[in-house]
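A quick write-up on the structure given underneath.
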Amino acid sequence: MSPSRPSSPPPATQALPDPAPLPPGGLPPGLLGGLDGPAASRGSRGRVKPPRHLADLTLPERRAAVTELGERPFRADQLSRQYFARLADDPGEMTDLPQSSRQELADALLPPLLTAERELACDGGTTRKTLWRAFDGAYVESVLMRYPGRVTMCVSSQVGCGMACPFCATGQAGLTRNLSTAEIVEQVVAGARTLARSQVPGGPGRVSNVVFMGMGEPLANYRSVVQAVRRLTEPAPAGLGLSARGLTVSTVGLVPAIGRLAAEGLPVTLAVSLHAPDDEARDELVPVNRRWKVAEVLDAAWRYADVTRRRVSIEYALIRDVNDQAWRADLLGELLAGRLAHVNLIPLNPTPGSRWTASRAGTQEEFAARLTGHGVPVTVRDTRGREIDGACGQLAASVGPGGDPPDPPAALRARAVVHRRHTGHSPGTRPGSLGR
Ligand code: SAH
């Protein structure tokens with residue numbers, strides 16, 4: 001059976017990669033009034049960009065920047081070590097820097113980018129979702145998930161999303177803007193700080209995995225995301241020194257960008273949000289499929305696997321009577337058999353206004369069994385994070401106490417969506433209940 005039509009099909013033209021479209025009419029004027037500091041600058045299209053931060057720059061660029069301030073180049077290395085290795089966020093703690101220049105260096109290269117507006121925890125404090133307020137009043141979320149032996153950070157790459165997948169709440173809100181490299185990196189560094197300071201039960205810890213599965217389409221913010229991957233993986237002082245193998249970039253299937261990513265020489269895992277093995281269903285579930293069909297997306301995925309030797313993760317949200325039929329499981333199995341791939345089945349999380357729902361009991365098991373029958377490895381995501389609505393595509397939440405936005409006008413509110421990682425957090429049930 002083919003999927004039923006959403007009441008207003010999202011425009012496929014919205015789904016183009018890099019550069020991201022401006023919101024209609026540009027940014028709301030209120031945005032310009034609320035800037036925090038002089039460091040924010042205007043981009044080539046008149047848009048106000050986040051202030052420059054050392055995580056936006058390579059180490060040589062940081063050295064040039066401190067030289068311009070009249071400091072010796074090695075001060076950039078010291079500052080970078082403070083940020084990436086010591087995870088310092090208070091210039092007063094940076095005692096290897098002369099007291100006279102600490103503040104000036106920090107003002108120039110470590111401007112505050114994200115302010116934690118709210119934090120929710122569950123699983124005895126080992127799953128923590130943070131709502132961040134950016135310099136312009138935009139909101140994004142990240143989720144830290146601590147497991148025995150590993151910690152995964154799920155990060156946002158955009159404010160909103162332009163991909164318009166009808167079952168995902170972020171997709172309904174549209175795109176506000178791309179995050180800068182440093183805004184992405186800062187989500188991970190903040191998580192690393194919390195762990196290093198033993199603020200997560202389980203003693204001091206480190207981030208081992210980063211998944212670009214929060215708000216946004218990472219490959220539509222290609223440059224910042226790839227730079228963020230570099231910053232996260234370069235050893236200190238250049239970066240945070242995580243293993244690239246612990247990083248996963250998830251995409252709706254922007255074929256040219258997948259090809260570009262394969263050529264970067266970064267052995268990150270690629271996740272493809274497939275959700276259907278046939279174009280009829282996928283055209284509807286993932287509108288960008290009208291531009292790049294299932295066969296093209298999978299070709300790009302296999303090329304990625306060939307080049308990187310990394311197993312591609314195929315994401316598949318099971319939607320009752322829409323994409324969960326036995327024949328679709330078999331078709332998917334045939335497409336993936338013998339490939340360097342595994343399937344992550346996600347029980348659909350309900351979102352406001354969507355009439356789609358999760359599969360009936362037993363359907364998921366049958367779907368998984370059919371894939372296994374084709375020799376395709378399958379995992380099903382667990383339900384971590386349910387209590388804090390840490391669910392895929394679901395946290396289109398109001399952001400303020402009691403569900404109201406804190407300060408900014410409603411137009412500036414991010415419809416924040418965080419979802420869980422393969423084995424990560426899962427279906428939340430109360431959209432709009434970010435608060436309390
Ligand atoms: N834009 C990228 C990154 C987001 S990852 C991408 O689409 O891959 C978020 C994952 O959660 C994607 O696989 C997305 O399709 C899935 N998702 C979105 N809404 C969901 C929902 N309501 N239930 C289950 N999974 C959902």
Side-chain angles (χ1 to χ4, degrees), residues 6 10 14-15 17 20 140-143 152 154-175 178-179 184 210-222 225 247-254 257-258 261 269-276 281-282 284-289 292 297 301 312-320 322-324 343-359 364 380-383 385-386 389-397 415-422 424-429 431:
Q14 211 185 334
V140 290
E141 287 181 304
S142 61
V143 182
T152 298
C154 175
V155 298
S156 295
S157 57
Q158 296 182 312
V159 181
C161 185
M163 299 296 116
C165 302
F167 58 95
C168 176
T170 317
Q172 311 319 296
L175 177 70
N178 283 331
L179 293 185
I184 298 169
V210 176
V211 296
F212 288 80
M213 293 187 169
M215 264 171 107
E217 165 53 40
L219 295 188
N221 183 13
Y222 187 88
V225 164
L247 271 53
T248 299
V249 173
S250 185
T251 179
V252 288
L254 305 185
I258 294 173
L261 188 65
T269 298
L270 179 73
V272 174
S273 296
L274 197 68
H275 305 312
R282 196 167 194 270
E284 197 136 358
L285 295 177
V286 186
V288 76
N289 197 69
W292 291 292
V297 172
V312 173
S313 179
I314 302 292
E315 310 296 301
Y316 202 105
L318 283 168
I319 312 179
R320 183 183 296 189
V322 171
N323 68 353
D324 65 352
V343 175
N344 238 304
L345 294 178
I346 318 170
L348 184 82
N349 302 307
T351 55
S354 165
R355 56 207 151 64
W356 290 330
T357 181
S359 298
Q364 178 179 290
V380 177
R381 288 186 186 174
D382 69 21
T383 55
R386 173 172 282 167
D389 292 336
C392 290
Q394 197 181 30
L395 297 185
R415 306 271 293 174
V417 168
V418 171
H419 63 82
R420 59 215 156 81
R421 140 97 174 122
H422 323 317
H425 55 267
S426 123
T429 45

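First listed ligand is number 1; within each ligand, the first listed atom is number 1.
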Under the side chain to side chain donor-acceptor pair (under 3.5 Å) rule, collect the residues that match up with Thr251, sequence neighbours excluded.
-> Glu217
Where's the contact between Val286 and ligand 1, heavy-atom distance under 4.0 Å: side chain, backbone, both or neither?
-> neither
Note: ligand 1 atoms sitting under 4.0 Å from heavy atoms of Gly216 are 1 (N), 2 (C), 3 (C), 4 (C)
At the 4.0 Å heavy-atom cut-off, does Met215 count as touching ligand 1?
-> no
Against heavy atoms of Ser273, which atoms of ligand 1 measure under 4.0 Å?
-> 6 (C), 7 (O), 8 (O), 12 (C), 13 (O), 15 (O)
Would a distance-only check, ignoring hydrogens and angles, find a side-chain to backbone donor-acceptor pair under 3.5 Å from Asp324 to Gln364?
-> no
Could you tell me whether the side chain of Asn221 and the main chain of Asn178 form a donor-acceptor pair under 3.5 Å?
-> no
Could you state the interatomic distance from CG (Asn323) to NE2 (His275), rounded to the nearest 0.5 Å?
-> 8.5 Å
Any donor-acceptor pair under 3.5 Å from Glu284 side chain to Cys165 backbone = no
From Phe167 atom CZ to Thr357 atom OG1, the distance as rounded to the nearest 0.5 Å = 14.0 Å
Short side-chain to backbone donor-acceptor contact, Ser156 and Glu141, under 3.5 Å = yes
Per-atom contacts of ligand 1 with Glu315, taking only distances under 4.0 Å to non-hydrogen atoms = 13 (O)
Counting each atom of ligand 1 from 1 as listed, which ones have a heavy atom of Val252 under 4.0 Å away?
-> 6 (C), 7 (O), 8 (O)
Interfacing atoms of ligand 1 (cut-off 4.0 Å, heavy-atom, Asn349) = 21 (C), 22 (N), 23 (N), 24 (C)
At a 4.0 Å threshold, what atoms of ligand 1 neighbour a non-hydrogen atom of Cys168?
-> 18 (C), 19 (N)
Which is it for Ile346 and ligand 1 at heavy atoms under 4.0 Å: side chain, backbone, both or neither?
-> side chain
Partners meeting side chain to side chain donor-acceptor pair (under 3.5 Å) with Ser354 (sequence neighbours left out) | none
Could you pull out, from Gln158, His275, Met163, Glu217, the option with a heavy atom nearest to atom 2 (C) of ligand 1?
-> Glu217
Would you check the N or O atoms of Phe167, main chain and side chain alike, for any that come under 3.5 Å of an N or O of ligand 1?
-> yes
Atoms of ligand 1 under 4.0 Å from any heavy atom of Gly214, numbered from 1 in the order shown, are 4 (C)
